[in-house]
Amino acid sequence: MRASPRKALAASALALAALAAAALPAAPATAAAPAGPKAAAACTPTQVVANGGFESGTSPWSQTSAVITSRAGQTAHGGTTFAWLNGVGGTHTDTLSQNVTIPSGCGSAKLSFWLHIDTAETTSSTAYDKLTAKIGGTTLATYSNLNKNTGYAQKSFDVSAFAGRTVAVAFTGTEDFSLQTSFVIDDVALDTSGDTTPPADSTRTPSSPAYTVNLTSNTDGTVWTGHQSATFTNASSSPLGEVYLRLWDNAHGTCASTPISVTNVTGGTAGGLSGDCTSLKVTLPGPLAQGQKATIGFDLGITVPSGADRFGHDGAFSFIGNALPVLAVKDGADWHLDPYTNNGESFYSLASDFSVALDHPNGLLVPATGASVDTPGSSGRTVTTATATKVRDFAWAAGPFTKISGTSASGTPVNVYSVSGISSSSAQSMLTTAKSAVDAHASRFGAYPYGELDAVIDNNFWFGGMEYPGFVLDLVSTTALTHEIGHQWWYGIVGDDEYTSPWLDEAFTDYGTDLALNKTGTGCWNSVSWASAAEKITNSMAYWDAHSSRYSTVVYNYGKCALHDLRRVLGDTVMAKLLKDYATSHWYGVSTTAEFKAAAQAATGTDLTSFWTQHRIEG
């Protein structure tokens, strides 16, 4: 995805990209998005754990025998009663739990408790006795005899992701066969606050989109016309009465002359364009119930503007990213109809299937997302049919490229397509880089699932590079290409809402790029200097569009440095396992900051609350 400056270029390239971005005209104001449902009622802050200080007997806690106690040997944090797990000195398990309901009308929820640990264990390296803290099925933290402390320490966790659910707050303590460890808990609380939470049903919908596209180009590949259909399912328990198509590349034109035209809609009734003409509402014939499918179709026209851009043509070479209309996502925050940004990305889509037939003159090569097969078309023409499964978008290019191919050591086919002016040695260097990068990222985050990988190289790209599933645009740059290929995992496989949380793909990809290039990030956090109290790694593109000169510095550089620091807190082995497991658990899904923070906390007995605060990672 594009940044300003773009991606993980070397310092000199970053500076050039920043100058180029500064020279761009300001983006036009976006039209107002369609009105959504009424805002949720104001939140009444509340504390939902009952009897968290254990001063009112044992109810409503469930416990093993005599865990809630005031017996001699330990003291309370407040009052006279506390929960004492273990301390037996033999093989033993204690449990303590309470079901709580976290309201859906509040924007944040924080679980906290006070914990004292004392032990007769003398080791400084082995965790013999352990306490696990969970909410629902999610482990928040694990403590052990190694975390012994004098007095109590407060532990806190962001559990906002569980809003609208009834879940168990649970503690489990285990001791081995000898030497006691006591885990003493008191003053458990779960506080809610804020007034902007989503409705109870936050399921992302429409789900499992399947797109079928047939397009025919003009002689030079700058104009494409044909038909597209989209089949989808309503995954939400709320009836679905409409969908929205994102016509992202209309931001490259004007509403009077849109590069993307959608006409003759079937399966629904088209409304007016909104959001700088990048959103098209289609009202369905009737509300779609949960689990029901529907299909809409339309005629599609694409006119590629001049310019070496992610949607543009550089002379005879066309680059066609984000041109196919895709379904917007509706979740607990309503429809995501965010404005297009030229500073980074706005794109938020669910894993989808594409079958795309591109009819073009024989003289054009057409690299594309997915696995492609060429068949003869009408006289002098070829039909390139590309099939891609579980991808978030589809992109292609067209032109008289020079193509070279190879296979990575782990077996991924890699193709490099170069525009005129790229030397054969540069193309070969990029092929070598691509083969190395795809294997390096796969070894850390999981096997590359998209079959072949196409890299299109043009040194005129002002933005540096841009990634799409199985398809990247790039300059001749080892760092930038390694970064763009890293996005196959962080954005492609592990999705995110790129407008709301750009750090989830950019910082993670830059971190992976450092590791692939054997960079440790030692001391990089030492250079951090915040521009204001409002500046945070986790800010949205709305913030960065207003502070564009700081975007790459904070999201890319500070973001990856924070992850390097997290690795130093957790240890190399734990951090590597955390990211691989996190990618696996979110494979073809969507990541959020709250989920990553919870996963990181579950991987360590160290309370990470102060880490998130220091590194300005909120959510």
Check Ser346 against Pro339 and note the closest heavy-atom contact, atom names and distance. OG-O, 2.5 Å

Quick check against the 3.5 Å criterion: does Asn234 have a side-chain atom that pairs as donor or acceptor with the backbone of Pro206? no

Between the side chain of Asn250 and the main-chain N/O of Ile260, is any donor-acceptor distance below 3.5 Å? yes

Taking Ser418 for its side chain and Ile422 for its backbone only, find out whether a donor-acceptor pair lies under 3.5 Å. no

Donor on one side chain, acceptor on other, Asp496 and Ser501, under 3.5 Å: no

Does any donor atom in the side chain of His336 or Tyr244 lie under 3.5 Å from an acceptor atom in the other side chain? no

To the nearest 0.5 Å, atom CG of Leu563 lies from atom CD1 of Ile617 at 6.5 Å

Spell out, as yes or no, whether a donor-acceptor pair under 3.5 Å connects the side chain of Thr222 to the backbone of Val304. no

Check: Pro469 main-chain N/O paired with Thr369 side-chain donor or acceptor under 3.5 Å: yes

I want to check something: taking the side chain as every heavy atom from C-beta on, are Ser208 and Phe232 in contact at a cut-off of under 4.5 Å? no

Atom OG of Ser238 and atom CD of Gln290: how far apart are they, to the nearest 0.5 Å? 8.5 Å

Out of curiosity, Ile485 CD1 to Lys435 NZ, how far, rounded to the nearest 0.5 Å? 12.0 Å

Chi angles and distances behind the ring-ring contact (aromatic ring centres under 6.0 Å, His included) call for Trp503, Phe508: CA-CA 7 Å; Trp503 90 287; Phe508 282 60; 5.2 Å; yes

Just one of Asp510, Thr509, Asp514 clears the side-chain hydrogen bond (donor to acceptor under 3.5 Å, both in side chains) bar with His483, so which one? Asp510

Steps toward side chain to side chain donor-acceptor pair (under 3.5 Å) verdict (Asn460, Asp314): CA-CA 8 Å; Asn460 290 331; Asp314 184 11; 2.9 Å; yes

Side chains of Asn415 and Ser405 only: does a donor on one sit below 3.5 Å from an acceptor on the other? yes

Is the shortest heavy-atom distance from the side chain of Arg444 to the side chain of Leu515 under 4.5 Å? yes

Considering all heavy atoms of both residues, which atom of Ala600 and which atom of Leu570 are nearest to each other, and what is their separation? O-CD2, 4.4 Å

Steps toward ring-ring contact (aromatic ring centres under 6.0 Å, His included) verdict (His487, Tyr468): CA-CA 8 Å; His487 271 303; Tyr468 297 96; over 10 Å; no

ring-ring contact (aromatic ring centres under 6.0 Å, His included) for Tyr511 and Trp490? Distances and angles first, verdict last. CA-CA 11 Å; Tyr511 173 78; Trp490 305 106; 9.3 Å; no

If you take the centroid of each ring, where Trp contributes its six-membered ring, are Tyr582 and His586 closer together than 6.0 Å? yes

Could you tell me whether the side chains of Thr295 and Thr231 share a donor-acceptor contact shorter than 3.5 Å? yes

Under a 3.5 Å cutoff, is there a donor and acceptor pairing between the side chains of Arg246 and Thr278? yes

Among Tyr417, Trp396, Phe471, Phe461, which residue satisfies the ring pair (Phe, Tyr, Trp, His ring centres under 6.0 Å) criterion with Phe319? Phe461

Carboxylate-amine/guanidinium proximity below 4.0 Å for Glu535 and Arg616: no

Search all heavy atoms of Leu324 against all heavy atoms of Val356 and return the closest pair with its distance. CD1-CG2, 4.2 Å

In chain order, what residues pass the side chain to side chain donor-acceptor pair (under 3.5 Å) check against Asp353, with sequence neighbours excluded? none

Side-chain contact test, heavy atoms from C-beta onward, threshold under 4.5 Å: evaluate it for Asp458 versus Leu475 and give yes or no. no

Per the salt bridge (charged side-chain N to carboxylate O under 4.0 Å, His left out) rule, what does the pair list look like for residues 568-588, sequence neighbours excluded? Asp565-Arg568, Arg567-Asp572, Lys577-Asp581

Less than 6.0 Å separating the ring centroids of Tyr348 and Tyr499? no

Side chain of Arg392, backbone of Tyr491: donor and acceptor closer than 3.5 Å? yes

Are any non-hydrogen side-chain atoms of Val416 and Lys403 less than 4.5 angstrom apart? no

Polar side-chain atom of His360 near backbone of Val366 as donor-acceptor pair, under 3.5 Å: no

Spell out, as yes or no, whether a donor-acceptor pair under 3.5 Å connects the side chain of Thr432 to the backbone of Gln428. yes

Does either side chain, that of Asp439 or that of Ser408, offer a donor lying less than 3.5 Å from an acceptor on the other one? yes

Determine whether a donor-acceptor pair (N or O, by modelled atom type, separation under 3.5 Å) exists between the side chain of Thr205 and the backbone of Ala235. yes

Establish, yes or no, whether a centroid distance under 6.0 Å links the rings of Tyr551 and His547. no

Any donor-acceptor pair under 3.5 Å from Asp299 side chain to Val262 backbone: no

Sub-4.5 Å side-chain heavy-atom contact between Trp335 and Glu242: yes

Min side-chain heavy-atom separation Tyr211-Ser229 under 4.5 Å: no

